[in-house]
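Within every chain, numbering begins at 1; the chains are lettered A, B, ... in the order of the sequence lines, protein sequences first and strands thereafter. What you see below is based on every heavy atom in this structure, not just the backbone, and it leaves out hydrogens, waters and symmetry mates.
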2 protein chains.
Amino acid sequence: MHKMVDNVGPLYQKIKDHILQRIADGDWPAGSRVPSENELVKLFKVSRMTTNRALRELTDEGVLMRVAGVGTFVAEVKAHSHPLEIHNIADEIHGRGHDYSAKVLILEEVRAGAETASWMEINKGESVFHSRIVHFEQGRPIQLEDRFVNPEVAPGYMAQDFSRTTPYEYLMSMAPLLKAEHVVKAVMPDGATRQHLDMDENEPCLLVERRTWSGDRVVTIARLWHPGSRYELSGKFRP
Amino acid sequence: MHKMVDNVGPLYQKIKDHILQRIADGDWPAGSRVPSENELVKLFKVSRMTTNRALRELTDEGVLMRVAGVGTFVAEVKAHSHPLEIHNIADEIHGRGHDYSAKVLILEEVRAGAETASWMEINKGESVFHSRIVHFEQGRPIQLEDRFVNPEVAPGYMAQDFSRTTPYEYLMSMAPLLKAEHVVKAVMPDGATRQHLDMDENEPCLLVERRTWSGDRVVTIARLWHPGSRYELSGKFRP
DNA sequence: CAGTGGTCTAGACCACGTT
DNA sequence: ACGTGGTCTAGACCACTGG
């Protein structure tokens, strides 16, 4: 499955897209050398400042790694995310030039238990949607997403194909996500979680619990398990 | 006295530092207009490509906001605190109304190894300060802090009593901390770390790695280990 | 030595929004 | 019309690395 490379936009963006596409296709694995600035100048018939910007931005984004006097290489990427932003795991993975896929384990309508009802600020026994999805990066599981959704906000949730569209994309299209609350923990996974995430015996999980509001209603609560060896949260801030 | 030699480094970095300093000093509040590219060209006597790069990078980092045909403005400050903005563990514990104490395990001057030098952006073998401190909440260990400090920025570091003042408080008094980078991971502790933090056998650590800059120099790098069962990061925000 | 990335210049054309 | 940012060119000098 090849993504279409956009033919419009700035030249440096075309060069970035081309490199991301080659990485995603597996032509340029991690550690391999990418064309030098001068080689890209000849390939794309642009000035060196333009190829420099493309390579520099991909380096700032963590996709490439550069060594002056040596060359530019595809970075050994460790998954990372900015906890400040509500992220679309699919966009995050595509942004690294990697292949994304998903597997739906559960998609059902259930009655809220006491704890779930409390978190979603609804009454116990009310109907809620429940999904459990494994997200894959380059074929390796990177996130187990367990989610409850308020049916009043997203009535069409059960009819979505979440192997093609992420819950985030659908929920964003249904309601503006105005407020979120998150908790980050380090925990040991249970057996099923460890198996779904293809984790080693003594490996911890980075667990993100997130609650999202639109207006004064809880739209969704999510528990996102990540393998500690393959996922980290990162961010830059001004104190 | 430590002399700040700021006539080193790329020109675009000097322009970025100048703008960050003016924002930090309160001269340019959120929403205020910053000089245009052409105005900065005259001020710094550089080409427009150089001022463009400085403003573009600050925009990519979320510091500024640009509108073509209008101007460049200081971005609105995020209203809600972020879990990773918690710098001072003592304030955090006092904020919970709990008792805080600390135990200094290591306070020494060492020569930077290859990895430390790389992270601190200095040369291998140069002198750096190294400290390792356990922080206690209500008498229970809550954080093991392993830190390297740039001696040029904080020459008096070795003379501090870190059972009374946290490293963060001292460093903040020595240099304006203009930028920070964080990575959060879930890892298993080694034996010594587990003992210092009084953790169970199969318990993971929440590890925060933080790198802090003042201008274009790395002031300090810190690795903060927390027992997974007793510590979590949490926060609210508006997208 | 030749090649690499890192930076910088002094121009240029364009789309856009304000005046 | 004018100033703004957005992009791009065709050079240039430098520090560094490899053979």
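Under the side-chain contact (heavy atoms from CB on, under 4.5 Å) rule, Arg66(B) has a single partner from Val34(B), Leu58(B), Thr59(B), which is Thr59(B).
The side chain of Tyr12(B) contributes no N or O atom lying less than 4.0 Å from OP1 or OP2 of dC8(C). A close approach under 4.0 Å does not occur between any side-chain nitrogen or oxygen of Arg66(B) and OP1 or OP2 of dT4(D). Side-chain N/O atoms of Thr72(A) include one lying less than 4.0 angstrom from OP1 or OP2 on dG5(C). OP1 or OP2 of dT4(D) has at least one side-chain nitrogen or oxygen of Asn38(B) nearer than 4.0 Å.
The distance from atom CZ of Arg48(A) to atom P of dT7(C) is 11 Å, rounded to the nearest whole Å. In this structure, NZ of Lys16(A) is placed 10 Å from P of dT7(D), rounded to the nearest angstrom. In this entry the distance linking CD of Glu39(A) with C1' of dA2(C) reads 13 Å, nearest Å. Rounded to an integer number of Å, the gap from Met49(A) CE to dT7(D) P is 12 Å. Between the CE atom of Met65(A) and the C1' atom of dG5(C) there is a distance of 13 Å, given to the nearest Å. Following rounding to the nearest Å, Arg56(A) (CZ) and dG6(C) (C1') show an atom-to-atom distance of 9 Å. For the pair Phe44(B) CZ and dT9(C) P, the interatomic distance rounds to 12 Å; values are reported in whole Å. We find that CD of Glu57(B) is positioned 8 Å from P of dT7(C), with the value rounded to whole Å.
Residue order along DNA chain C, read from the 5' end via each residue's closest nucleotide, puts Val34(A) first among Val46(B) and Val34(A). For the pair Asn52(A) and Val70(A), nearest-nucleotide mapping onto DNA chain C gives the more 5' position to Val70(A). Comparing Arg53(A) and Gly69(A) by the nucleotide of DNA chain D whose heavy atom lies nearest to each, the residue mapping closer to the 5' end is Arg53(A).
Comparing dG6(D), dT7(C), dG5(C) against the side chain of Ser36(A) picks out dG5(C) as the nearest. If you check dG6(C), dG5(D), dT9(D) against the side chain of Glu37(B), the one that comes closest is dG5(D). Distances were taken from every side-chain heavy atom of Ser47(A) (C-beta onward) to each of dG5(C), dG5(D), dA10(D); the shortest belongs to dA10(D). For Arg33(A), taking side-chain heavy atoms from C-beta onward, the closest of the listed nucleotides dC8(C), dT4(C), dC8(D) is dT4(C).
The closest donor-acceptor contact from the side chain of Asp200(A) to the backbone of Asn202(A) lies at 3.5 Å or more, if one exists at all.
Residue-level contact check: Leu11(B) touches the backbone only, with heavy atoms under 4.0 Å from sugar-phosphate atoms and none from bases.
Side chains of Glu209(B) and His182(B): no donor on one and acceptor on the other come within 3.5 Å. If you check the side chains of Thr51(A) and Tyr12(A), you find no donor sitting under 3.5 Å from an acceptor.
The existence of a salt bridge linking Arg96(A) and Glu137(A) is confirmed by a sub-4.0 Å separation between a basic side-chain nitrogen and an acidic carboxylate oxygen.
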